[in-house]
Amino acid sequence: MRDLNSMASSSSPYLMNLLLISLSVFFAGAFGCYSSIFSFGDSITDTGNLYISSKNSSFHFFFPPYGETYFHHPTGRCSDGRLIIDFIAEFLGLPYVRPYTEVKSNASPQNIEGGVNFAVIGATAMDAEFLAAMGDENDYTNSSLGTQLHWFKELLPSLCNTSSNCNKLLSSSLVLVGEIGSNDYNDALLAGKNIEQVQTYVPLVITEISSAINELIELGAVTLVVPGNFPIGCLPIYLTKFQTSDKGQYNSSTGCLNWLNKFAEYHNDQLQIELSRIQRLHPNINIIYADYYNAVMHFYHSPDQFGFIGGTVKACCGGGGPYNYNSSAQCGSIEASACENPAEFINWDGIHFTEAAYRWIVKVLFKGKYNVPGISRLVPCVFHKSSDN
Ligand SMILES: *[C@@H]1O[C@H](CO)[C@@H](O)[C@H](O)[C@H]1NC(C)=O
Ligand SMILES: *[C@@H]1O[C@H](CO)[C@@H](O)[C@H](O)[C@H]1NC(C)=O
Ligand SMILES: *[C@@H]1O[C@H](CO)[C@@H](O)[C@H](O)[C@H]1NC(C)=O
Ligand SMILES: *[C@@H]1O[C@H](CO)[C@@H](O)[C@H](O)[C@H]1NC(C)=O
Ligand SMILES: *[C@@H]1O[C@H](CO)[C@@H](O)[C@H](O)[C@H]1NC(C)=O
């Protein structure tokens with residue numbers, strides 16, 4: 001991107017941009033590896049499911065300045081603009097993936113061109129009732145990963161009608177499973193459980209993700225991208241809640257809380273072990289671990305390189321305080337306000353990332369640099385596409 005852009009500015013920007021656009025269209029069309037995207041997850045991926053279906057319309061992320069950068073109004077996305085899933089769709093030359101709640105009543109092969117997004121803000125990997133029984137309140141949704149998969153299976157007959165065309169549909173789709181599981185941990189931590197207790201959730205979360213992947217493979221999925229957790233010790237919500245004068249708890253170069261990042265790494269290690277296990281059992285399936293953790297960690301280590309000159313551990317939009325996060329004055333409420341230029345911040349609202357950060361994550365990951373195994377090796381058309389971006 002950088003090289004092409006600098007070339008463009010030194011010669012003819014108009015021509016160069018035209019060339020770039022047509023190359024992108026050419027590659028997307030010519031390789032045509034993916035006809036659609038099916039996605040599952042939480043607020044990192046929800047493009048409108050909770051917004052359209054929630055009985056409660058007063059959640060703070062349903063109000064401006066959510067959406068201000070790109071859509072110019074709230075869409076139910078937890079950011080100032082596009083999410084990772086939107087940038088993936090753009091890179092693949094597909095339309096933005098439509099939320100399930102928008103298409104479910106009139107789904108047909110024609111009107112789900114591009115795929116369907118089942119992700120819901122607040123969703124957990126584990127069953128909501130099970131978590132409620134453990135005392136972990138979920139204020140947003142009961143639509144856990146299992147529920148989302150159930151929706152998918154219910155919808156499938158209106159998208160394909162024979163086992164051969166269902167197989168064709170799924171094998172030509174990119175299936176994004178996650179990020180999911182961080183709410184299982186968040187809800188427990190915010191409910192006051194300690195990290196040792198929350199650590200016992202990890203195998204349960206991994207089991208849920210694993211069984212969803214296995215079901216999807218059985219249905220015919222061939223390319224599955226499975227993201228890990230983010231470095232949650234860098235999130236303003238946690239930096240605020242677990243603020244301490246003990247400097248030893250912070251990473252001196254990033255300012256993030258070590259113990260929470262270690263926890264996220266632990267989840268990610270366990271997830272990768274399980275993904276390798278599934279991969280060995282299904283050598284003809286591509287299971288790609290998307291390393292969100294390390295992609296984002298690059299931003300905290302070298303923020304200037306990515307243009308994050310406004311803040312790393314401080315949110316763009318919030319109700320004040322050292323990390324600009326206040327749970328009683330969240331982004332979207334009257335008491336909160338947003339920074340001038342969200343692209344200068346990694347974090348948007350204390351929990352989620354800015355559009356600029358999401359855009360970088362997709363660039364970093366689709367170039368295959370930080371992926372094990374690299375998307376570039378396993379999914380050739382993604383590689384060809386991303387070499388232009
Ligand atoms: C709706 O959400 C708001 C904001 O989170 C909350 O204060 C309120 O209690 C919720 N209302 C209902 C009926 O759950
Ligand atoms: C989740 O389910 C429980 C029990 O069925 C219900 O009482 C609660 O309102 C639901 N929560 C949400 C956010 O839908
Ligand atoms: C199956 O679906 C295809 C594509 O939507 C359609 O053209 C065809 O008529 C359907 N066949 C049956 C038997 O429903
Ligand atoms: C800070 O974090 C980076 C990786 O995220 C790590 O390499 C470094 O060792 C950490 N520093 C300390 C003091 O923990
Ligand atoms: C958080 O916001 C509330 C509501 O605006 C305010 O009363 C409170 O003082 C704020 N807390 C901090 C620590 O700034």
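Along the sequence shown, residues carry numbers from 1. First listed ligand is number 1; within each ligand, the first listed atom is number 1. Small disclaimer: the values here were computed from a predicted structure and weren't measured.
A donor-acceptor contact under 3.5 angstrom links the side chains of Asp136 and Tyr201, judged on distance only. Neither side chain, Thr69 nor Glu355, offers a donor N or O lying under 3.5 Å from an acceptor on the other.
At least one protein heavy atom sits closer than 4.0 Å to atom 14 (O) of ligand 1. Closer than 4.0 Å to atom 7 (O) of ligand 5 lies none of the heavy atoms of the protein. For atom 11 (N) of ligand 1, a protein non-hydrogen atom is found at a distance below 4.0 Å.
Ranking protein heavy atoms by distance to atom 3 (C) of ligand 5, first place goes to Asn326 ND2, 3.5 Å. From the protein, the heavy atom lying nearest to atom 4 (C) of ligand 5 is Ser328 O, 3.9 Å. For atom 2 (O) of ligand 1, the nearest non-hydrogen atom of the protein is Asn56 ND2, 2.4 Å.
Listed by atom number, the atoms of ligand 1 under 4.0 Å from Ser58 heavy atoms are 1 (C), 2 (O), 3 (C), 4 (C). Ligand-side atoms of ligand 1 in range of Phe59: 2 (O), 5 (O), range being under 4.0 angstrom from any heavy atom.
The shortest heavy-atom contact between Ser171 and Val222 is CB-CG2, 3.6 Å.
Ligand 5 has no nitrogen or oxygen under 3.5 angstrom from a nitrogen or oxygen of Glu335.
Counting non-hydrogen atoms of other residues, nucleotides and ligands closer than 6.0 Å to NZ of Lys241 gives a total above 12. In the displayed structure, His282 atom NE2 is contacted under 6.0 Å by more than 12 heavy atoms of other residues, nucleotides or ligands.
Taking OH of Tyr96 as the start and CZ of Arg77 as the end, the distance is 7.5 Å to the nearest 0.5 Å.
A cation-pi arrangement is absent between Lys262 and Trp259, since the terminal nitrogen or guanidinium carbon is not both under 6.0 Å from the aromatic centre and inside a 45° cone about the axis.
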